[in-house]
Amino acid sequence: MKSGLSENGVEKRLKGFFVIVILCVAVILARLWYLQIVKGDEFARLADGNRMRQLRVLPPRGNILDRNGVTLVRSKSSFTVALVPGGLPRDSADTFSLLCEILQISHEELEEAVEKGRGYPYEPVRIMRGVDAATVIAIEENRNRLPGVFIEEEPVREYLFGELASHLIGYLGSVTVEELRELDESYRGSDLVGKTGIERVYEQELRGEVGTLTVEVNALSRPIQTVSYLEPVPGHNIVLTIDHRLQAVAEQAFEEHILTLREEPGTQAGGVVVLKPKTGEILAMASIPGFNPELLLDTSTRNQYYNQLIKNPRRPLFNRITQALYGPGSAFKPVTALAILEEGVYRADQVFNATGVSEYGVRDWVITNRLAPLGNITLKEALGISSNHYFADLGTKVGIDRLSEWMRAFGMGEPTGLKLYPVERAGLVPDREWKKAAFAGRPVWDQNWYPSDTEQISIGQGFHQMTILQLAQIYAAIANRGPMYVPQVVREIRTPDGQVVQSFQPQLARVVEASSTHWEAVIDGLRAAVEHPRGTARNAFAGFPTSVAAKTGTWEVAGSTANGVFAAFAPVEEPEIVVVVVVERGIGGASGAAPIARRVMEAYFSLNEEPIEP
């Protein structure tokens, strides 16, 4: 009995074993069928994915040219160190240490660069652009120790005139997470994008279309064979309205003149803008000091250079043409003059007795300098000699309610419409409501508007603030006798082979309505500033061969040296250009700003028609 039971038990165990074996074989066969038949195509593609790499080929960025076709910025081929995150070994510490040593960067900087490409493990992440031949050789010599690391050629920016028009042109930088959300899907975390200026505003036009290169790679993720290639499409070219020669004169004239000022020479900042009043085209836009966009591209110098710019008290990255808000000083008086005439407060030929001190204590500069009062003057002399007493008394009769409306009529308190980044600031038009809100935390008597406030506004020393570009627009309206055009810095967008994609025409922004007689009266006063024996701009423009209408201005800054302001247009009869200069801590408009404007005007009227090549 025991033997039978034992044989039966063994038989049952063998049967169970065979069942298990058969089940295992069935599972294996089923799995093989699933992997090879059901998922065969998919896994074949994945296998190819380990062997094949589809690399993005970045297109050459479009050129930026001046109005004469002179190239200011272009793309050139350069070596870039790239890394494929998916090609790194599990323990990449040795690889990272060696790469950091070769590139002379910190482990944190390398980690940050690699992290940007984590979402695309088999696409190259650009670690360092514009590397020299020695770096290329070092990486190639250590090829076996640097899996996933390789050298590629990539177009990089070349700024042919260094710092010239840097705020207008702008600079490139690594794309941020926020920018990636806004941009199209062709961008990756290590790409460069425009951060400011034209480079940012026209990013899509300048960028072009990304190409693709499919290659077979070895175990070190290095390309060994090209499978297919879709050529990238170069970006469009941007033709600016500026003349690079006039731009260079404006920048050089500013930097050289501030060295002659007795108050902290060479430390001043400010800006120069030159525009065509009949079209709104900007011929020069110089914010001083500038910066070198190329140094912000070079990985080896970027951080150090950027820190220097940030710490510089002159704030080189700050665009003073569109971002800085200034008081206009006496350069504002033509607005007050037009309001006086149009509101019927005083006639242009009516004589005013300028004793030197207004009803609420505003003084003429002659009184401040212990000179004789100006005496009997008309509007022409009041503007030419710059009488505070005249404009303080008569501006108060216009009243802040009407005066603020005239400011708005000239476009103050709102952007001019210039297409640039950072976007321009709106400035400030003060009135009763503004003061009540601005001083809401103070006693009610501080919130009230007083005639003394209007006096300060009337002479350009009050609460109002404007950009240099807004002041240029005011003088463009005066030069045009009313019409004002939207400022523009781009003339055309062209394909790489020169075909015009888009052409920008003058766009009327507004018309300041006033009688032709009153316009001519104001312009006569501005002309007197240059031609009158006591004109505030007479010395600066002595012997100038072209007729000029101008106004000097001094903006008092609490606790600091006054800013120098100067605005002008020429020729008076048929104005071709408007020039506005602001020099921070420039002492005064006549000595601090007007000489700069003269050099710019001299350059404009003497420039040859043929462009100067770089």
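FYI, the numbering just counts along the sequence from 1. Values below: all heavy atoms of this structure, side chains included; hydrogens, waters and symmetry mates excluded.
- Under the 4.0 Å criterion applied to side-chain N and carboxylate O atoms, Glu414 and Arg510 are assigned as salt-bridge partners.
- A 6.0 Å sphere centred on CD of Glu256 holds more than 12 heavy atoms belonging to other residues, nucleotides or ligands.
- Heavy-atom contacts from other residues, nucleotides or ligands closer than 6.0 Å to NZ of Lys380 number 12 or fewer.
- Side-chain contact, Ser387 with Asp364: a donor N or O sits under 3.5 Å from an acceptor N or O.
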Which is it for Tyr604 and Glu576 under the side-chain hydrogen bond (donor to acceptor under 3.5 Å, both in side chains) test, yes or no, and what are the steps along the way? CA-CA 10 Å; Tyr604 173 82; Glu576 296 180 26; 2.8 Å; yes
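- For Lys278, the NZ atom counts as densely surrounded, since its 6.0 Å shell holds more than 12 non-hydrogen atoms of other residues, nucleotides or ligands.
- The existence of a salt bridge linking Arg494 and Glu205 is excluded, since no basic side-chain nitrogen approaches an acidic carboxylate oxygen closer than 4.0 Å.
- Remark: the Tyr485 side chain and the Gln473 side chain contain no N/O donor-acceptor pair separated by less than 3.5 Å.
- Atom CG of residue Leu275 and atom CD1 of residue Ile242 lie 13.5 Å apart, to the nearest 0.5 angstrom.
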Going through the distances and angles, do Glu424 and Thr416 end up as a side-chain hydrogen bond (donor to acceptor under 3.5 Å, both in side chains)? CA-CA 8 Å; Glu424 57 181 325; Thr416 66; 2.9 Å; yes
Step by step, would you call Leu471 with Val565 a side-chain contact (heavy atoms from CB on, under 4.5 Å)? CA-CA 10 Å; Leu471 186 56; Val565 183; 3.7 Å; yes
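- Note: Phe318 and His167 fail the aromatic proximity criterion, with ring centroids not under 6.0 Å apart.
- Side-chain contact annotation: Trp449 with Thr454, donor-acceptor N/O pair under 3.5 Å present.
- Taken to the nearest 0.5 Å, the CZ atom of Arg320 stands 13.5 Å off from the OG1 atom of Thr467.
- Remark: the Ser458 side chain and the Glu455 side chain contain no N/O donor-acceptor pair separated by less than 3.5 Å.
- Atoms CG and CG, on Leu72 and Leu240 in that order, are 6.0 Å from each other to the nearest 0.5 Å.
- Residues Phe332 and Phe391 keep their aromatic ring centres 6.0 Å or farther apart.
- Taking the ring centre of Phe504 as origin, the terminal cationic atom of Arg491 falls outside the region bounded by 6.0 Å and 45° from the ring axis.
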Arg74 and Leu160: CA distance, side-chain angles, deciding distance, side-chain contact (heavy atoms from CB on, under 4.5 Å) verdict: CA-CA 8 Å; Arg74 66 186 178 192; Leu160 299 178; 3.6 Å; yes
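- The pair Glu281-Arg67 counts as a salt bridge, with a side-chain nitrogen and a carboxylate oxygen less than 4.0 angstrom apart.
- Aromatic ring orientation, Trp406 versus Phe410: tilted (interplanar angle from 30° to 60°).
- Ring to ring, Phe352 and His389 are close: their centroids are under 6.0 angstrom apart.
- Summarising the geometry of Gly588 relative to Thr554, their closest heavy-atom pair is CA-OG1, 3.4 Å, with the distance given to 0.1 Å.
- Interatomic distance, Asn539 CG to Thr552 OG1, rounded to the nearest 0.5 Å: 11.0 Å.
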What's the verdict on side-chain hydrogen bond (donor to acceptor under 3.5 Å, both in side chains) for Thr241 and Lys276, showing C-alpha distance, side-chain angles and the deciding distance? CA-CA 10 Å; Thr241 61; Lys276 296 176 74 68; over 6 Å; no
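- Note that OH of Tyr360 is 13.0 Å distant from CD of Gln456, once rounded to the nearest 0.5 Å.
- Here Tyr159 and Phe291 keep their ring centres 6.0 angstrom or further from each other.
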Quick one, Tyr390 with Ile377, criterion side-chain contact (heavy atoms from CB on, under 4.5 Å). Give me CA distance, side-chain angles, the key distance, then yes/no. CA-CA 9 Å; Tyr390 181 99; Ile377 58 175; 4.2 Å; yes
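- Here Arg314 pairs with Glu255 in a salt bridge; the nearest charged N to carboxylate O distance falls below 4.0 Å.
- When all heavy atoms of Asn63 and Leu206 are compared, the closest pair comes out as O-CD2, 4.1 Å.
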Step-by-step side-chain contact (heavy atoms from CB on, under 4.5 Å) determination, Arg598 to Glu602: CA-CA 6 Å; Arg598 172 164 183 154; Glu602 285 175 340; 2.9 Å; yes
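- Between the side chains of Ser330 and Lys333, at least one donor N or O lies within less than 3.5 Å of an accepting N or O.
- With rounding to the nearest 0.5 angstrom, the OH atom of Tyr450 is 6.5 Å from the NZ atom of Lys435.
- Leu508 and Met484 get closest at one heavy-atom pair: CD1-O, 3.5 Å.
- Other residues, nucleotides and ligands contribute more than 12 heavy atoms inside 6.0 Å of the CZ atom of Arg408.
- Atom CD of Glu574 sits in a sparse spot, with 12 or fewer heavy atoms from other residues, nucleotides or ligands closer than 6.0 Å.
- Ionic pairing of Glu342 and Arg402 is not present here: no N-O contact between side-chain nitrogen and carboxylate oxygen is shorter than 4.0 angstrom.
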